Engineer: 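Below you'll find the structure I mean.
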Number of protein chains: 2
Amino acid sequence: MVAAKAATQLGYTLLGLVLAKPQSGYALRKVFETTPLGNYSSSPGSIYPALKALEKAGLVERRSAAGGGGKQLFAPTSAGEAQFGEWLARPVDEEAMARHLDGVLLRFAFLQFDPDPGVSRDFLISFEAAAWARARALEAFLDGEAGRALSLHARLAVGHGLENIRSSARWAADARRQLGDKAEEGNDDEG
Amino acid sequence: MVAAKAATQLGYTLLGLVLAKPQSGYALRKVFETTPLGNYSSSPGSIYPALKALEKAGLVERRSAAGGGGKQLFAPTSAGEAQFGEWLARPVDEEAMARHLDGVLLRFAFLQFDPDPGVSRDFLISFEAAAWARARALEAFLDGEAGRALSLHARLAVGHGLENIRSSARWAADARRQLGDKAEEGNDDEG
DNA sequence: CCAACCATGTAAGCTGTTACATGATTGA
DNA sequence: TCAATCATGTAACAGCTTACATGGTTGG
């Protein structure tokens, strides 16, 4: 049990991508170039060092590709799969909601690889709860002593955050509905 | 004209705070502790080095406080004020909208210090335009080849970003209205 | 043969963080 | 005098970026 070192956010992203399909560093760069994934740079200086770190941590391994040449494919190890699953299952808390929303959404996107639809459901439930909690905190701030002392500009800026959080909460409810609709085609879970 | 080096985001934040009122590093830390400003750590290891960098760049200066002891106040220099004003007046582009929204909102909050209400208005106009542009870009992505190939999870994740951007755009329109209402009490600008 | 793309990497640096360290002042 | 708070700072590192560097392959 080699208690693998925690991967970085970018590391988990790469782990998720090679878990979906083993691929080369170059192919991974193309993903970052062509999709709004994370918001990470697709430059080689970002991707290759991150892959190397994952390899060193024993979370991915590289295989020589069939095509020959120096080309190589990255694939997750079993430790990598396990740690990725752990990452995915983390509940969403208010702190993550406030400061690492991008990472939280990234995690949600990768929940497609969890065979248990209950994990996605739990994720969205905790997401929505954390969002409303954060919204209440911002409302309390605006209504409190410090908040009332703010200028209109500052209040509006905080209000922007509040509106975005509310939008996120509504999104979670809607996403849960959409995933539920999809699930109904197959089986049924306790509500 | 000593072309002062550009401050960092945290640097501009501190610059804005000392512009509002010259204060000590400790007092600045308290602001970060008690308000959702930026999302910066209030730890001394964040604030003091940043202040030192601003001082080195000639954007703030320190004065010994009246109270005696080692206590000192930071205040903006004229170069600091000038550069802060420049920072404030930057138009909002889609790139900033997508990747540095926090910083953009921070700038808006500090626009309270610009005596010309037209700057705030222009800011919100470009903000709204950039938001809708970003929304259209995400819509185009979802409707495009790459987007349609995504799993429901991934589509929902992108959809979250889209909803947030729309929320931001609506906020800008509302904020403009609120600032306009306030302005009507005073004078009138060409519409 | 040359341009375009495939493919991989290193070096240096920026921005900010946590953890550590220190000392003065104030009030119970 | 002892704890809490005021007040300032450094050291080490994390995580990512840009810029640089290199070479293979493929097609016109």
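In this text the structure is predicted, and so the values were computed from the model without any measurement. Scope of the values below: all heavy atoms of this structure, side chains included, with no hydrogens, waters or symmetry mates. First the proteins, then the strands, lettered A, B, ... as listed; each starts at 1.
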Engineer: Can you see which heavy atom on B:Arg62 is nearest to which on B:Gln72, and at what distance?
Structural biologist: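 Shortest heavy-atom separation between B:Arg62 and B:Gln72 comes out as CD-OE1, 2.9 Å.
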Engineer: Taking all heavy atoms of B:Leu15 and all of B:Gly80, pick out the closest pair and write down the distance.
Structural biologist: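 What the structure gives for the nearest pair is CD2-O, 3.7 Å.
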Engineer: Figure out the CG/P separation between A:Leu28 and C:dC6, and round it to whole Å.
Structural biologist: 14 Å
Engineer: Classify the nucleic acid contact of A:Leu10 as base, sugar-phosphate or nothing, counting any heavy atom under 4.0 Å across all strands shown.
Structural biologist: sugar-phosphate
Engineer: Grab the CD-C1' distance between A:Gln72 and C:dA7 for me, whole Å please.
Structural biologist: 9 Å
Engineer: Can you tell which of D:dT8, D:dC16, C:dT18 lies closest to the side chain of A:Tyr40?
Structural biologist: D:dC16
Engineer: Could you tell me the separation between the CG atom of A:Leu54 and the P atom of C:dT8, rounded to a whole number of Å?
Structural biologist: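 For the pair A:Leu54 CG and C:dT8 P, the rounded distance is 15 Å.
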Engineer: Under 30°, 30 to 60°, or over 60°: which ring-plane class applies to B:Tyr40 and B:Phe32, parallel, tilted or perpendicular?
Structural biologist: perpendicular
Engineer: Could you check which of C:dT10, C:dG16, D:dG9 has an atom nearest any side-chain atom of B:Tyr48?
Structural biologist: D:dG9
Engineer: By ring pair (Phe, Tyr, Trp, His ring centres under 6.0 Å), which residues pair with B:Phe84, not counting sequence neighbours?
Structural biologist: B:Trp87, B:Phe110
Engineer: Restricting to non-hydrogen atoms, name the atom on B:Pro36 and the atom on A:Arg134 that form the minimum distance, rounded to 0.1 Å.
Structural biologist: CB-NH2, 4.4 Å
Engineer: Measure from CG on B:Asn39 to P on C:dT15 and round the result to the nearest Å.
Structural biologist: 18 Å
Engineer: Among residues 85-100 of chain A, which residues get a heavy atom nearer than 4.0 Å to DNA chain C?
Structural biologist: none
Engineer: Check whether any side-chain N or O of B:Lys30 sits under 4.0 Å from OP1 or OP2 of D:dC6, and answer yes or no.
Structural biologist: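 Indeed, a polar side-chain atom of B:Lys30 lies that close.
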Engineer: How is A:Ser43 classified with respect to the nucleic acid when contacts are heavy atoms under 4.0 Å: base, sugar-phosphate, or nothing?
Structural biologist: base
Engineer: Taking the side chain of B:Pro44 as its heavy atoms from C-beta onward, which of D:dG15, C:dG16, D:dT8 lies nearest to it?
Structural biologist: D:dT8
Engineer: Between B:Glu55 and B:Glu61, is there a side-chain heavy-atom distance shorter than 4.5 Å?
Structural biologist: no
Engineer: How many Å lie between CZ on A:Arg29 and C1' on D:dC16, as a whole number?
Structural biologist: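 After rounding, the reported distance stands at 15 Å.
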Engineer: Please determine whether a side-chain nitrogen or oxygen atom of A:Ser46 lies at a distance below 4.0 Å from atom OP1 or OP2 of D:dT18.
Structural biologist: no
Engineer: Starting at atom CZ of B:Arg63, determine the distance to atom C1' of D:dA7, rounded to an integer number of angstrom.
Structural biologist: 19 Å
Engineer: Just N and O in the side chain of A:Tyr26: are any of them under 4.0 Å from OP1 or OP2 of C:dT8?
Structural biologist: no
Engineer: How many Å lie between NZ on A:Lys52 and P on C:dT8, as a whole number?
Structural biologist: 13 Å
Engineer: Whole Å only: how far is the CZ atom of B:Arg62 from the P atom of D:dA7?
Structural biologist: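 Interatomic distance, CZ of B:Arg62 to P of D:dA7: 15 Å.
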Engineer: Classify the nucleic acid contact of B:Thr8 as base, sugar-phosphate or nothing, counting any heavy atom under 4.0 Å across all strands shown.
Structural biologist: sugar-phosphate
Engineer: At under 4.0 Å between heavy atoms, what does B:Gly45 touch on the DNA or RNA strands: base, sugar-phosphate, or nothing?
Structural biologist: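 Answer is base: heavy atoms of B:Gly45 come under 4.0 Å of a base.
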Engineer: Any idea which heavy atoms bring B:Asn164 and A:Ser168 closest together, and the distance?
Structural biologist: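 Where B:Asn164 meets A:Ser168 most closely, the heavy atoms are OD1-OG, 3.6 Å.
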Engineer: Applying ring-ring contact (aromatic ring centres under 6.0 Å, His included), run through A:Phe108 and A:Trp171 and close with a yes or a no.
Structural biologist: CA-CA 12 Å; A:Phe108 173 76; A:Trp171 168 87; 5.3 Å; yes
